[in-house]
2 protein chains.
Amino acid sequence: MDTREIAQVRRFNRVVTQAVGALDQSYLERGRPLGEARLLFEIGADGAEARALRARLGLDAGYLSRLLRSLEAQGLIEVVPGRPDARRRRASATTTGRAEIAAYDALSDRLAASLLAPLDPARRARLVAAMGEVERLLSAAAVEIAPEPPASAEAQWCLGSYFRELADRFEGGFDPAADRSAPAADLAPPNGLFILARLGGEPVGCGALKRIDDATGEIKRVWTAPPARGLGLARRILDRLEAEAGRMGFAVLRLDTNKALTEAHALYLKAGYREIGRFNDNPYAHRWFEKRLAG
Amino acid sequence: MDTREIAQVRRFNRVVTQAVGALDQSYLERGRPLGEARLLFEIGADGAEARALRARLGLDAGYLSRLLRSLEAQGLIEVVPGRPDARRRRASATTTGRAEIAAYDALSDRLAASLLAPLDPARRARLVAAMGEVERLLSAAAVEIAPEPPASAEAQWCLGSYFRELADRFEGGFDPAADRSAPAADLAPPNGLFILARLGGEPVGCGALKRIDDATGEIKRVWTAPPARGLGLARRILDRLEAEAGRMGFAVLRLDTNKALTEAHALYLKAGYREIGRFNDNPYAHRWFEKRLAG
DNA sequence: TCCATTCTCTGACTTTAGTCAGATTCTTTG
DNA sequence: CAAAGAATCTGACTAAAGTCAGAGAATGGA
């Protein structure tokens with residue numbers, strides 16, 4: 001990687017840690033340790049499950065339990081057994097708690113404003129725009145792609161969203177039940193593979209491989225959640241699928257697409273796929289592609 | 001301030017704290033607490049005075065002393081009485097220490113690279129560019145402007161740099177000794193005021209006010225350090241001088257400039273100054289301006 | 001020279017953050 | 001319904017970070 005790029009990232013880190021770090025410190029103003037403040041803020045007005053809090057803040061189960069107890073003792077939250085699963089406890093803010101959260105919220109607003117305040121409107125607008133760009137691209141870089149059982153709740157959520165989108169966009173609609181081309185079992189080892197893209201634990205995209213014969217695999221279910229589009233995620237999913245396909249011994253990858261999915265055509269062509277004749281009887285397919293894997 | 005701008009800043013903070021925070025944690029990899037690691041890194045290959053370290057890291061004197069002792073015990077640094085003032089102790093890295101610093105440096109590089117790694121080259125370039133913009137503008141916003149005794153070392157550094165620049169740019173050069181228009185005493189209360197702009201403690205610009213008569217002040221010595229140009233700093237200095245002038249009871253401000261300083265002309269015109277006839281006998285001045293203060 | 005001031009050091013603390021090994025409670029599965 | 005597994009809780013720790021008061025050295029100015 002370019003030395004100058006790295007140097008820029010490091011300068012950025014330095015400046016931003018200072019600016020944003022000051023913000024963090026200010027949470028102490030309300031006389032509560034940072035850990036508790038962050039937790040309360042994370043619980044928010046809507047409440048949250050202990051499990052989710054642990055994942056989001058990266059806390060030890062014992063430590064979280066203690067923090068919750070402390071917030072409860074301060075009368076800011078109450079923790080009740082969850083439903084339907086009583087083991088998963090749910091924390092939600094009391095009225096006092098909500099007021100306190102609002103106070104932290106106002107504090108955050110004030111501090112964000114104080115970052116911008118010294119700048120004139122034109123520079124302020126430029127800063128905000130650049131922050132948006134950084135935020136979006138850093139998020140993109142933080143997306144993690146990993147194999148996932150196709151039957152998992154998150155995989156199913158992606159597939160469901162994907163199917164709904166197809167139903168929306170295909171001329172004649174789309175009926176998942178009519179698409180017998182890739183039942184979940186075909187997308188799990190040893191015959192296939194399902195991969196999931198996650199951002200901060202939340203699913204934001206997926207893709208799958210399915211065996212056609214020993215040398216040939218098929219790409220299926222490549223999808224990106226709408227808020228994560230424009231970040232090159234589909235391409236990363238495709239690249240990952242190709243790498244996994246190589247590992248699984250496939251020399252050739254095929255796929256089909258519907259004519260409504262124009263951005264998919266562009267993606268596949270750019271990734272080195274060439275159009276071929278119909279190789280399956282998928283009723284929703286209009287175009288078919290193939291790529292010979294290198295190595 | 002615009003709600004949407006604030007919301008964007010807060011989203012930015014959230015994402016960046018995550019990304020950069022992970023980076024911070026990685027400093028622990030070398031088996032040394034974060035505080036010590038940061039301190040060692042801050043001492044750097046060139047060494048630093050205890051005083052400066054305390055200021056930069058915001059540490060308690062006792063705490064710093066303990067941290068230094070610990071690094072010393074590890075053979076990474078040595079702390080010796082400073083010269084000429086033996087109270088101001090100076091820490092510098094030993095050979096072992098320098099190697100350790102280099103290791104932290106390499107770690108930082110690796111982690112910066114890992115932020116960029118998942119992105120394709122085009123998006124990577126966009127991210128780096130946006131980071132540059134954010135870094136620069138956040139720095140600009142972090143500049144603090146405050147009154148300063150004109151005789152202080154930092155004020156003198158600014159004036160020295162300013163005079164050197166004038167000597168460079170004026171057609172016939174510039175001789176500070178020949179400019180009797182604003183001796184230091186005239187730029188301090190009650191007759192005047194000197195203000196200094198600082199970024200992270202370092203001076204990056206200055207400006208001054210001088211009394212002409214009870215109702216009239218003169219703007220002098222408005223200067224921005226070259227690395228801080230393009231950030232609207234001169235305008236902020238000017239605005240601050242005007243505010244202070246109002247507080248000092250001046251109703252009118254005047255100033256003169258040399259024809260070589262074209263950017264200064266633009267600044268003054270934009271700030272509402274109008275050109276007037278010669279009001280002094282400054283041999284270096286070619287144009288004269290005046291502004292009536294509001295309120 | 002003396003005295004106030006500046007800077008650092010030391011000892012004695014406290015608070016925060018975090019870890020880990022069971023114990024407890026609830027749910028799911030055979 | 002028993003057993004296994006999941007989620008949380010409790011108690012007993014440790015390490016890191018930070019605070020504060022006072023002591024001690026060095027300096028600058030009267």
Side-chain angles (χ1 to χ4, degrees), chain A residues 21-22 24-43 47-74 77-92 151-153 201, chain B residues 17 21-22 24-43 47-74 77-92 151-153:
Chain A
D24 228 37
Q25 287 303 309
S26 74
Y27 270 31
L28 294 174
E29 271 178 36
R30 301 195 65 74
R32 194 169 285 115
L34 218 60
E36 282 185 15
R38 270 200 283 258
L39 178 57
L40 180 60
F41 198 78
E42 200 64 39
I43 290 170
E49 287 193 350
R51 209 184 151 51
L53 293 171
R54 246 178 48 208
R56 269 184 279 171
L57 296 172
L59 299 174
D60 169 86
Y63 187 25
L64 173 63
S65 170
R66 221 175 304 276
L67 287 175
L68 287 175
R69 204 81 341 92
S70 165
L71 290 177
E72 215 169 17
Q74 293 169 56
I77 62 166
E78 43 186 8
V79 182
V80 294
R83 307 200 31 192
D85 187 337
R87 288 170 306 179
R88 303 198 166 192
R89 310 197 63 185
R90 190 177 175 77
S92 52
S152 82
Chain B
T17 333
D24 228 38
Q25 287 303 310
S26 74
Y27 270 30
L28 294 173
E29 271 178 36
R30 301 194 65 75
R32 193 171 286 115
L34 218 59
E36 283 184 15
R38 269 200 283 258
L39 178 56
L40 180 60
F41 199 77
E42 200 64 39
I43 291 171
E49 286 191 352
R51 208 184 150 53
L53 294 170
R54 247 180 47 208
R56 269 185 278 172
L57 296 172
L59 299 174
D60 170 87
Y63 188 25
L64 173 63
S65 171
R66 223 175 305 277
L67 287 175
L68 287 174
R69 205 81 339 94
S70 165
L71 290 177
E72 215 169 19
Q74 293 170 56
I77 62 166
E78 44 185 9
V79 182
V80 295
R83 308 197 30 193
D85 187 337
R87 285 170 308 180
R88 303 198 167 192
R89 309 198 63 185
R90 190 178 173 76
S92 52
S152 82

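These numbers were taken from a predicted model, which means no experiment stands behind them. A note on names: the letters A, B, ... follow the listed sequences, proteins ahead of strands, and every chain is numbered from 1.
- Shown here are the side chain to side chain donor-acceptor pair (under 3.5 Å) partners of A/Arg88, two or more places apart in sequence or in another chain: there are none.
- Looking at residues two or more places apart in sequence or on another chain, you find no salt bridge (Lys or Arg N to Asp or Glu O under 4.0 Å) involving A/Arg90.
- With sequence neighbours excluded, the residues forming a side chain to side chain contact (heavy atoms under 4.5 Å, CB included) with B/Leu34 are B/Asp24, B/Tyr27, B/Leu28, B/Arg38, listed by chain and number.
- Of the residues near DNA chain C, A/Arg32 and A/Arg66, the one whose nearest nucleotide (by heavy atom distance) lies more toward the 5' end is A/Arg32.
- For A/Ser26, the side chain to side chain contact (heavy atoms under 4.5 Å, CB included) partners two or more places apart in sequence, or in a different chain, are A/Glu29, A/Leu107, A/Leu111.
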Inset, instruction - Could you run through nucleotides 2-8 of chain C and give me one letter per nucleotide, 5' to 3': B if any protein heavy atom sits under 4.0 Å from the base, S if only the sugar-phosphate is that close, - if neither? - result: ---BBSS

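- Extent of DNA chain D lying under 4.0 Å from chain B heavy atoms, first and last nucleotide in 5' to 3' order, is D/dA16 to D/dT27.
- Nucleic acid contact for A/Leu64: none, since no nucleic acid atom lies under 4.0 Å from a heavy atom of the residue.
- Contacts with DNA chain D (heavy atom under 4.0 Å) in residues 35-43 of chain B: B/Gly35, listed by number.
- Nearer the 5' end of DNA chain C, as judged by each residue's closest nucleotide, is the contact made by A/Gly31, out of A/Asp60 and A/Gly31.
- Every residue meeting the side chain to side chain contact (heavy atoms under 4.5 Å, CB included) condition with A/Pro33, not counting sequence neighbours, appears here in chain and number order: A/Glu36.
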Contacts table for residues 49-60 of chain A: side-chain donor-acceptor under 3.5 angstrom, sequence neighbours left out:
residue : atom : partner : partner atom : Å
A/Arg56 : NH1  : A/Glu42 : OE2          : 2.8
A/Asp60 : OD2  : A/Gly62 : N            : 2.8
A/Asp60 : OD2  : A/Tyr63 : N            : 3.0

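- Contact of the A/Ile43 side chain with the A/Leu68 side chain is registered, since non-hydrogen atoms from C-beta on lie closer than 4.5 Å.
- Scanning all heavy atoms of the two residues, the minimum distance from A/Ala86 to A/Pro81 falls at O-CB, 3.7 Å.
- Partners of A/Arg66 under the salt bridge (Lys or Arg N to Asp or Glu O under 4.0 Å) rule, at least two apart in sequence or in another chain, do not exist in this structure.
- Listed by chain and number, the residues in a side chain to side chain contact (heavy atoms under 4.5 Å, CB included) with A/Arg69 are A/Ser65, A/Glu72 (sequence neighbours excluded).
- Between A/Leu67 atom CG and C/dT19 atom P there is a gap of 12 Å when expressed in whole angstrom units.
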